[in-house]
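Below you'll find the structure, written out as structure tokens, and then a few comments.
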Amino acid sequence: QQPVQSPQAVILREGEDAVINCSSSKALYSVHWYRQKHGEAPVFLMILLKGGEQKGHEKISASFNEKKQQSSLYLTASQLSYSGTYFCGTERNAGGTSYGKLTFGQGTILTVHP
Amino acid sequence: EAGVTQFPSHSVIEKGQTVTLRCDPISGHDNLYWYRRVMGKEIKFLLHFVKESKQDESGMPNNRFLAERTGGTYSTLKVQPAELEDSGVYFCASSQGRRVTYNEQFFGPGTRLTVL
């Protein structure tokens, strides 16, 4: 089942902060965050694993609440380059045949103005 | 290190024709994934190769879609015959072996397919 992202769109001025949420109704093993600019490949930002491990970008932080099956991406002191569509991808199984299969949210469009 | 590459970047075909999309993963990556994004909707999983074997093809929409991965290197996705609803952007992604680096997936730029 597709995770739900909120908000659908955010407009910021440079230097402002934003939070993007990703919620699932199913138990998750990991949450992956990507940013895509128009016409380009989605770029990996962060992975959060069940149990608290994470790997990702220096200037971007995220959290994973296992009880709520919700992840939040925190964008602080936003820059113009942060503009794009942010996707969360959820992975349900740690093993088995479906490892790595990501189910994506519908995306959050972030626009940063000067 | 070269990233994931996809060819062609755009393809416009008529309904009923055949199209073959190609993906070259990052060298040494055993896992190769195909995803599709139909306009305005989310990115959806199509299938997953581990080397040359299909690990999971649960997302393939129907038997008009055929994916192969010759020798565990590049992969092709053929649509035959194409229908209007096949239009969208087809992404390929690759990752290293199981659980090596948290299964971080590197995406290609996608192939935009338009079926008229």
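Order of the sequence lines fixes the chain letters, A, B, ..., with proteins taken first and strands second; residue numbering starts at 1 for each chain.
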Is the number of heavy atoms from other residues, nucleotides or ligands under 6.0 Å of [X] [atom1] greater than 12?
X	atom1	answer
B/Lys51	NZ	no
B/Glu14	CD	no
B/Glu85	CD	yes
B/Lys15	NZ	no

Point to revise | Listed partners of A/Tyr82 passing ring-ring contact (aromatic ring centres under 6.0 Å, His included), at least two apart | key: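 Partners of A/Tyr82 by the ring-ring contact (aromatic ring centres under 6.0 Å, His included) criterion come out as none, since no residue qualifies.
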From [atom1] ([X]) to [atom2] ([Y]), nearest 0.5 Å:
X	Y	atom1	atom2	value
A/Lys101	B/Leu46	NZ	CG	10.5 Å
A/Phe104	B/Lys44	CZ	NZ	13.0 Å
B/Glu42	A/Leu102	CD	CG	13.0 Å
A/Phe87	B/Phe107	CZ	CZ	9.5 Å

Co-membership, hydrophobic cluster, residues [X] and [Y], 4.5 Å side-chain:
X	Y	result
B/Ile13	B/Phe65	yes
B/Met60	B/Tyr90	yes
A/Ile20	A/Ile60	yes
B/Leu21	B/Leu84	yes
A/Leu28	A/Leu45	yes

Review point. If you look at every heavy atom in B/Glu104 and A/Phe44, which pair is closest and at what distance?
Key: OE2-CD2, 3.2 Å
Review point. Going by residue number, which parts of residues 108-116 of chain B are within reach of chain A, meaning a heavy-atom gap below 4.5 Å?
Key: B/Gly108, B/Pro109
Point to revise | Under 4.5 Å from a heavy atom of chain A, the part of B/Val50 involved | key: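 Just its side chain gets close to chain A.
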**Study point:** Residues that, via side-chain heavy atoms closer than 4.5 angstrom, fall in one hydrophobic cluster with A/Val19
**Key:** A/Tyr74
Point to revise | Close contacts, residues 107-114 of chain A versus chain B, judged by heavy atoms under 4.5 Å | key: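 Residues qualifying by a heavy atom under 4.5 Å from chain B are absent, so none.
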Review point. Which bit of A/Gln36 comes within less than 4.5 Å of chain B, counting heavy atoms only: side chain, backbone, both or neither?
Key: side chain
Check your understanding: Is it the side chain or the backbone of A/Gln2 that comes within 4.5 Å of chain B heavy atoms, both, or neither?
Key -> side chain
